[in-house]
Amino acid sequence: MSNESDPDEEALRWAGDEERGGVAPRRGGPRAAPAALVESGEAELAAERRSPRSAARTAATAVFGVVYLAIVLGWILAVQRTSSGSANLLVEISWQFGEFLAMVSGVLWFGAVHVLTRDRRALEGVGWWALGALVLVPWPLVLVVLAEASS
Amino acid sequence: MIVIALVFALLYGLAEFSAVSNLLALPQYYAALGIAHAVPWPVLVAGVVIPPLLFALALLLGRGRPLLDRAILLAVGLAATHALALSGVSLVSALQPALG
C-alpha cells in the first residue's frame, strides 16, 4: 500500500485495490453503477416518457402504495387481537396460516395488480387496486378502534 | 397447472372447511347460550360462499395467461379469502349480543 502512513486513508481502502485496478473510494461521491444497468434504466425511462399515461400510472401507484401499506400495517396490528381460541393443534396451525396470509394479502394484491396490469390501461389497474382496498379492510382492527371510539 | 390448481384447491378447502364448521357449530353455540335469535347468518353464509367464489374467479381471470400469472392470481385470492375470513370472525364477535 502506498499510503500506509495515513490511518484515515487506510481505513477506506482494501488491500490489493491497486493491483486489481481499483481506485481509492470517494467520500460522498456518486456511486459507480455497472454500465449495462445504467443503460437499461435509461431505456426504461425513455419508454416511460414516451407513454402519455405514465405520469397518471406513477401517481396511482404512489397513492395506492400508501393505501396498501396502511392495509398491511392494519393487518399486522389486527392479528395481534385475534386468536383461534382452540387448543387443537391443527386448528391453531391453520389459524396461524390464515393470519399470515391476511398480513401479506395487501402486498400480494398490490404486487399482482402492478405486475399483471402493466400492459393494460392505467384505469384498469386503479380499478383493481380500489377493489382490493375495499376487500382487504382490516376489520378486526377497525372494529376494535370503532368500539373504543364509541365507548 | 393441474398440480398448482390442486394444491391451491386444498388450501382454499382449508378455509372452506373452517367456514362450514362455523356455519354448523355457531348456531348450536348461540342456542346453548340462549341467543339463538342473534345468529349472524349473512356473515356465516358469506364465509362459506367466498372461498369457492374467489377460487373460481382466480381461475377465470387467469385463463390464457402464463403459469406464473395464474399462480399469482390464485395466491392473491387465497390471501384475500383468509383476510375476509378473519374479518368475518371479528364481525361475528362484534355483533354478538351481550350475555347475561
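Each chain gets a letter, A, B and so on, in the order the sequences are listed, and its residues count up from 1.
The 12-atom threshold is not exceeded at CH2 of A/Trp128, counting heavy atoms of other residues, nucleotides or ligands nearer than 6.0 Å. With a 6.0 Å radius and a threshold of 12 heavy atoms from other residues, nucleotides or ligands, A/Leu90 has its CG atom at or below the threshold.
For the pair A/Phe110 and B/Val76, the minimum side-chain heavy-atom distance is 4.5 Å or more.
Once rounded to the nearest 0.5 Å, the distance linking OG of B/Ser87 with CG of A/Leu136 reads 8.5 Å. Summarising the geometry, atom CH2 belonging to A/Trp95 is positioned 5.0 Å from atom CG belonging to B/Leu86; distances are rounded to the nearest 0.5 Å. The structure places CG of A/Leu108 at 9.0 Å from CG of B/Leu78, a figure rounded to the nearest 0.5 Å. Rounded to the nearest 0.5 Å, atoms CG (B/Leu14) and CZ (A/Phe97) are 7.5 Å apart.
In this structure, chain B has no heavy atom under 4.5 Å from any part of A/Val91. Both the backbone and the side chain of A/Trp109 come within contact range of chain B, with heavy atoms under 4.5 Å apart. Only the side chain of B/Ala94 comes within contact range of chain A, with heavy atoms under 4.5 Å apart. Both the backbone and the side chain of A/Leu116 come within less than 4.5 Å of a heavy atom of chain B.
Closest non-hydrogen pair, B/Ala83 versus A/Ala102, comes out as CA-CB, 3.9 Å.
B/Leu10 and B/Leu54 fall into different hydrophobic clusters, defined by Ile, Leu, Val, Met, Phe, Trp and Tyr side-chain heavy atoms under 4.5 Å apart, directly or through other members. When hydrophobic clusters are built by joining Ile, Leu, Val, Met, Phe, Trp and Tyr residues whose side-chain heavy atoms come closer than 4.5 Å, directly or via intermediates, A/Leu101 is not grouped with B/Leu53. Under the 4.5 Å side-chain contact rule for hydrophobic residues, A/Val144 and A/Leu73 do not share a cluster. Under the 4.5 Å side-chain heavy-atom criterion for grouping Ile, Leu, Val, Met, Phe, Trp and Tyr, B/Leu73 is connected to A/Val104 within one hydrophobic cluster. Note on B/Leu23 and B/Ile35: same hydrophobic cluster, where clusters join Ile, Leu, Val, Met, Phe, Trp and Tyr whose side-chain heavy atoms are under 4.5 Å apart, directly or indirectly.
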